[in-house]
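The block underneath contains the structure these notes are about, expressed in structure tokens.
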Amino acid sequence: MKEKSLYAESGVDTAAGDLAVELMKEAVARTHGPEVLGGVGGFAGLFDASALLGYKRPLLASATDGVGTKVAIAQAIDKHDTIGQDLVAMIVDDIVVVGAKPLAMTDYICVGKTVPERVADIVRGIAEACAATGTALVGGETAEHPGLLGENEYDVAGAAFGVVEADAVLGPERVQAGDVILAMGASGLHSNGYSLVRKIIADRGLTYADTAADLGTSYGEALLEPTKLYTAQLLAAINSHPGAIHALSHITGGGIAANIARVLPVGTWAEIDRSTWSPLPVFRHLVDLADATLGEVEGAWNLGLGMAAVVAADQADAVANTLRAAGLDVWRVAEVQAGTRDLTGFEIGAKGVNGGAVRLVGEYAD
């Protein structure tokens, strides 16, 4: 007779954790190239850094993030195969902003109760997005916290690092007056502003299983549209057009103006022309539910603009065409300006960055 586990009686099931690892091993292994040593299950992941010897002055870029309260919607409709891509996108697409190639990532999943198939779904999504961005998934942790989280609750987080040559770092220092700002289309809300989304749904007495006629699917399915991945396309454009891309901005928390202001130098400004695009239907539907306007949510949601590139004017068309050929929706939204002007109504820098000034002008296209 097998001896009873006191640990299991406390709510921690190590056997379930082991099964979860077995279910995810194959997906994780597919992200490993010859630079990854040791496989899955070690105390630490090993990454062969000898490739960095080919750099003159390699700088390591690192980022960490989570998915926020979007996980609550995944839990509500018991769908967990897209959250992993959200996690990778929020981290790796921050790393590429400085021009860095992502190398490796680790994840952390905290659960109330280990359901092996659910954990494997999450990690499978992480692994598939890592493979799509050329990032090795070299380690992770699943922690069971009974009593802190409900049995069907979990949270996810991760961290990654990449590398960029010191003289190739993108940022405000490269930006000049006359540069063109290119916008890249989003897939949906990505992974920001979900506390507002959940409030709107709750205030209207809706559930995530309810059908949103305007969106052609349930609220849950529409709101779980995974965050778009930009890394591979941007790295290809950076390599195809050396020196053309001066800065990148990942439009995450804080919205369009604040995030673009972070990558412009002090003394410059830009006016983002709303008329150059039409916000995705999910944004229009949500503001209608909230009896609000698109302008009122510009500080919370990307409104269909998920990444921006600040590009040398004489190469903007070529860069845009390269990105379009890679499958991105790309359009011009502004030109960087310099000089004295009244900056009332502009976002000036953000998140501790003393950057440029940005505001949105005009009306959105229908």
Side-chain angles (χ1 to χ4, degrees), residues 16-17 19-21 23-28 30-31 63-95 102 105-133 135 137-145 148-160 186-198 201 207-209 215 217-231 250-253 282 301-302 306:
L19 176 56
V21 172
L23 293 174
M24 70 177 73
K25 277 175 70 173
E26 185 177 342
V28 174
R30 284 198 290 270
T31 73
T64 186
D65 211 335
V67 177
T69 61
K70 190 172 185 176
V71 297
I73 298 173
Q75 293 157 22
I77 67 169
D78 196 24
K79 177 177 169 58
H80 314 284
D81 59 347
T82 59
I83 287 295
Q85 178 168 321
D86 291 314
L87 181 64
V88 175
M90 295 303 292
I91 297 168
V92 175
D93 283 339
D94 274 359
I95 285 176
M105 176 172 169
T106 59
D107 64 66
Y108 176 77
I109 304 171
C110 182
V111 302
K113 178 181 180 181
T114 300
V115 179
E117 295 77 12
R118 182 187 300 154
V119 173
D121 273 351
I122 297 168
V123 175
R124 193 174 298 113
I126 294 172
E128 289 172 356
C130 279
T133 58
T135 310
L137 184 58
V138 296
E141 170 73 1
T142 301
E144 204 166 24
H145 289 179
L148 182 63
L149 296 172
E151 287 194 355
N152 292 315
E153 294 178 341
Y154 62 82
D155 196 11
V156 296
S187 55
L189 283 100
H190 289 181
S191 297
N192 297 103
Y194 274 82
S195 294
L196 175 57
V197 171
R198 291 166 54 240
I201 296 296
T207 73
Y208 298 111
L215 305 178
T217 186
S218 70
Y219 282 102
E221 291 280 353
L223 294 169
L224 285 181
E225 181 67 31
T227 306
K228 194 167 189 66
L229 298 165
Y230 299 96
T231 292
H250 192 193
I251 311 304
T252 55
V282 65
W301 299 334
N302 67 61

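All of these numbers come straight from a predicted model, not from anything done at the bench.
- Taking 4.5 Å as the limit, some side-chain heavy atom of Ile109 sits within range of a side-chain heavy atom of Val123.
- Applying the side-chain contact (heavy atoms from CB on, under 4.5 Å) test to Glu151 and every residue at least two apart in sequence or in another chain returns Lys113.
- Between Arg198 and Tyr208 there is a side-chain heavy-atom pair separated by less than 4.5 Å.
- Counting only heavy atoms from C-beta outward, the side chains of Val197 and Trp301 approach each other to under 4.5 Å.
- Distance CG/Leu87 to OG/Ser191: 8.5 Å, rounded to 0.5 Å.
- Not a single side-chain hydrogen bond (donor to acceptor under 3.5 Å, both in side chains) links Thr252 to another residue, sequence neighbours left out.
- Residues Leu149 and Val111 are not in side-chain contact: their nearest non-hydrogen atoms beyond the backbone lie 4.5 Å or more apart.
- The OG1 atom of Thr135 sits 10.0 Å away from the CD1 atom of Ile91 when rounded to the nearest 0.5 Å.
- Taking Glu221 as the reference, Lys79, Thr217, Ser218 meet the side-chain contact (heavy atoms from CB on, under 4.5 Å) condition, with sequence neighbours excluded.
- The salt bridge (charged side-chain N to carboxylate O under 4.0 Å, His left out) test applied to Asp107 returns no partner, not counting sequence neighbours.
- Shown here are the ring pair (Phe, Tyr, Trp, His ring centres under 6.0 Å) partners of Tyr230, two or more places apart in sequence or in another chain: there are none.
- Residues passing the salt bridge (charged side-chain N to carboxylate O under 4.0 Å, His left out) test with Asp78, sequence neighbours excluded: none.
- Considering only residues two or more places apart in sequence or on other chains, Asp65 meets the side-chain hydrogen bond (donor to acceptor under 3.5 Å, both in side chains) condition with none of them.
- A search for salt bridge (charged side-chain N to carboxylate O under 4.0 Å, His left out) contacts involving Asp93 returns nothing, not counting sequence neighbours.
- Residues passing the side-chain contact (heavy atoms from CB on, under 4.5 Å) test with Ala157: none are found, sequence neighbours excluded.
- Evaluation of the ring pair (Phe, Tyr, Trp, His ring centres under 6.0 Å) rule for His80 yields Tyr154 as partners, not counting sequence neighbours.
- Leu148 meets the side-chain contact (heavy atoms from CB on, under 4.5 Å) test with His145; sequence neighbours excluded.
- At least one side-chain heavy atom of Ile126 sits under 4.5 Å from a side-chain heavy atom of Met105.
- Between the side chain of Thr64 and the backbone N or O of Gly158, at least one donor-acceptor pair lies under 3.5 Å.
- Side chains of Ile83 and Asp86 form a contact here, defined as non-hydrogen atoms less than 4.5 Å apart.
- Partners of Arg118 according to the side-chain hydrogen bond (donor to acceptor under 3.5 Å, both in side chains) rule, which considers only residues two or more places apart in sequence or in another chain, are Asn152.
- Contact check for Gln85 versus Thr227: no side-chain heavy atoms found under the 4.5 Å cut-off.
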